[in-house]
Every structure is written in C-alpha cells, then in structure tokens.
Amino acid sequence: MPEPRTVYMDYNATTPMHPLVWQAMSEAQGLFANASSMHQAGRTSRAGIEDARAAVSSLIGAASPSSVIFTSGGSESNNTVFQTMFEQFRKRPSRSKIIISAIEHPCVINAAKRLQELGMELVILPVDADGIVSMQAYQAALDQSTLLVSIMAANNEIGTIQDIPLLASMARQKGAFFHSDAVQAVGKFPVNVADWGVDYLTISAHKLYGPKGVGALYVKPGSPLDPLIRGGHQESGYRAGTYNNLGIYGFGAAAALAQRELAALMEKMRRLRLKLKTGILSSIPVVRVNGHPEAVLANTLNCSFPGAEGEAILLSLDLEGIEVSTGSACASGSLDPSHILMATGVGPELAHGSIRFSLGRDSSDADVDYVLAQLPPIIERLRRMTTVDWKHTQIDRSI
C-alpha cells in the first residue's frame, strides 16, 4: 500500500494561489492608499491597478485594457451582464429573448430566470451526450427578437468546450449580444476575445491561481453596460466601491503568470489526465467518462461509477487524503443530481454516482498513482454494499 498522502484534485472549485502571486501581494502590502485619491500614495496605488488591468487584458487578447472592468468575481460579472440586458429590454422591448444553455453555471441560470420573471423570454438550449450545445435548437431559437446569448466557454463539471467563435458569429448575424462565462477557460487554454467576437466575457482570479474575491468582466467597445453596483466613479462609473488593491494586484500577477505558463501547463494536464483516465478504465469495470472526448479541458475528468454513490466515493477518498468533487462546488449541499449531467442524458443513477477529478499546476504523477491505488478498492467495496445491478448498467461509451 502506498504511504498516506494528501492529494488535491479539485482545482475547478478553486486553486491555491501561485507562490509568485503571494509574493507580489506581500510586496504590495504597503500600497494601502485609496486608489481614487489624488495624492502621491493614491496615484501609486492606482498605477498598480492599471498594471493589473493591462495584464488581464493581455491574457484574453483584448485590444485595450479599458475594456476590462474589475469586479468581485464571476457571479458579479455575470449578473452585471444580465442586469444590463434588462435595461436594454426596457429601452427596446422588441428585443426580449435571452438564450442560454442547459449546462450553465447556477448564477447564469438564476440571473436569466430572474429576467424571465420580469417579462423577458428565456430559451434554454439542450446539449448532446457530450455536453455540446444543440446547433439545431440554437438556429431555431435565434431570431430578430434575441437580445442576448450566454454560453459558457468550458463546463466546470464535465470540461466540455464550446465553439464560442461560431456561436458568437451566429448571434451577431441576428444583431444579438453574446456573453461567455469563461471562468473555467481562462488560464486553461488560449482565450482571445477579439478572435472569439464576444461582447462580454467573465473571468475569476481564484480559478487561475489568484486570490478569491476578485474577478473581471470584459466589455467589447461599443457594447452597453449598466452598473450592478451604483455609487462612486470607480471603474469609469461601471462598478462602484473602493478598490480592492491587494486582490487586484494579485489578479494581475496571476494573469501574467497564466499567460507565461499556459502552454507548459496544458501539456502537463493532458498527460496526467490521460494517465488517470486510462488507469481508471483499466482497473475498474463499468465506468462512464462524461464530457466530450476531444473538446474537453485538459485538466478535467468526470467519471460515473454505477453501483457506487458519489458522496460515498468522495467521503471514502477524503478519508485517504484525496480531495475531489461530485460536481460544482456552488451546488454542494444539494441532494439533487447534477443538472449538467442530467442535461447530457446520463440519468439520475449515473449522475449520483459521478466524481469530478480536476488537476492543476501542483498535480503530479505520484498523485495520480496514489488515486489509482486507492480508488478501485473503494469502488469495489461500495458496489458490494449496493442492491443495484451495476454489472448490467448500459454504458454507451467509455471514452
């Protein structure tokens, strides 16, 4: 038996801060002045914020740093877009339709449903078994009444990557705005807002080895934006509130590091994910791998184990020092099966028996080896305790 160790494989929930981000924030602790103040200390604090804005802008290929608005994180950025769309609807009632996918993050789904309660039309697009948005349904939904399309770039649970440039181009042809929640994409594969043609794009620092409590919203020049938080003049009047100096500095450092380390990180993640997937499929019978076989995040592996309940697997792994997830961290505490897996047609039994392994920059071959040593006997033990006929579960694929 391998020696007990702690293995963190929940990087899609959050990432530890990069050591150089810690260092940058530590060195900036003296920059406490209000960045809106006109005196020297305030101007110095503001200069650090603008440096961070430039780093985030560069990471996503924005033409100008002024297109980046700092927020408290992904949920605020997403809600700001939907609040803006409601204001646009009030000005142009003929544009009343919002289109999202069935596998969006809860903050997008709930923000969209709120607009539906306020009189707007909501269309939720189905996805196929791999989690790809149905193009047939999308084409049927898009029309001259469409105001906004919001499709996430990469899914947090199954890792499926959407063709954002194509989807955005189709929305643009109908005169609609396009938003992408790219929280799980930025820092994991190349993101270029100019090439993608999006009007809005959401980023969160803590998903790319930065601090929690800070994020950003990219707004294409000429696209409307109404503040969700009103008050002072910060962020050109688009987001009121005293600047979170250290958080923003850390975000900027994380963005610069992500841009520099992206290629090497992607290569490492692909290799470790393949090793983990191959090891699971070769050592555990009747396993379904969820998500697209190719258009998938290099760090994300979601598996369903029929006959073993997800929470039981998670807790058993946790006892061995292995930290994973049964789905989105934002949905923890819910007894309902993952809405993402259900949307792909997995069914409640397989959805309840699913585990998400998400790798990161500190993951190693030894971590994967440890998981592959501990997981098979856990699944075998849990399956011995169940009355479910898991051996005859229909698995349509094991990619």
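What you see is a predicted model, and the numbers here were worked out from it, not measured in a lab. Just so it is clear, the values below take in all heavy atoms, side chains as well, and ignore hydrogens, waters and symmetry mates.
- In terms of modelled atom types and a separation under 3.5 Å, the side chain of E235 and the main chain of F70 share a donor-acceptor contact.
- In this structure N110 satisfies the side-chain contact (heavy atoms from CB on, under 4.5 Å) test together with P106, sequence neighbours excluded.
- You'll find the side chain of L317 stays beyond 4.5 Å of the side chain of M9, heavy atoms only.
- Under the 4.5 Å side-chain heavy-atom criterion for Ile, Leu, Val, Met, Phe, Trp and Tyr, L341 and I109 are members of distinct hydrophobic clusters.
- In terms of the ring pair (Phe, Tyr, Trp, His ring centres under 6.0 Å) criterion, residue partners of Y11 (sequence neighbours excluded) are, by chain and number, Y8.
- Of the residues N155, T300, N302, N156, the one that meets the side-chain hydrogen bond (donor to acceptor under 3.5 Å, both in side chains) test with N12 is T300.
- Counting only heavy atoms from C-beta outward, the side chains of D10 and R356 approach each other to under 4.5 Å.
- Here the side chains of V7 and E323 are not in contact, with every heavy-atom distance at 4.5 Å or above.
- A single hydrophobic cluster is seen to contain both V289 and L272, as judged by linkage of ILVMFWY side chains at heavy-atom distances under 4.5 Å, directly or through other members.
- Contacts classified as salt bridge (Lys or Arg N to Asp or Glu O under 4.0 Å) and involving residues 54-81 (residues at least two apart or in different chains) are given here: E76-R239.
- Other residues, nucleotides and ligands contribute at most 12 non-hydrogen atoms within 6.0 Å of the NZ atom of K113.
- Applying the ring pair (Phe, Tyr, Trp, His ring centres under 6.0 Å) test to Y238 and every residue at least two apart in sequence or in another chain returns nothing.
- Counting heavy atoms from C-beta on, the side chains of L148 and F82 come closer than 4.5 Å.
- Between E87 and K91, no side-chain nitrogen of the basic residue sits less than 4.0 Å from a carboxylate oxygen of the acidic one, so the salt-bridge criterion is not met.
- Counting heavy atoms from C-beta on, the side chains of T326 and I355 come closer than 4.5 Å.
- With sequence neighbours left out, the side-chain hydrogen bond (donor to acceptor under 3.5 Å, both in side chains) criterion links E27 to Q23.
- Using a 4.5 Å heavy-atom threshold, the side chains of V149 and L142 count as touching.
- Screening residues 169-211 for ring-ring contact (aromatic ring centres under 6.0 Å, His included) gives no qualifying pairs among residues at least two apart or on separate chains.
- In this structure, S338 contributes its side chain and I340 its backbone to a donor-acceptor pair below 3.5 Å.
- Contact of the I132 side chain with the V127 side chain is not registered, since no non-hydrogen atoms from C-beta on lie closer than 4.5 Å.
- Both I124 and L118 are assigned to one and the same hydrophobic cluster, defined by single-linkage of ILVMFWY side chains at heavy-atom distances under 4.5 Å.
- Counting heavy atoms from C-beta on, the side chains of R383 and F305 come closer than 4.5 Å.
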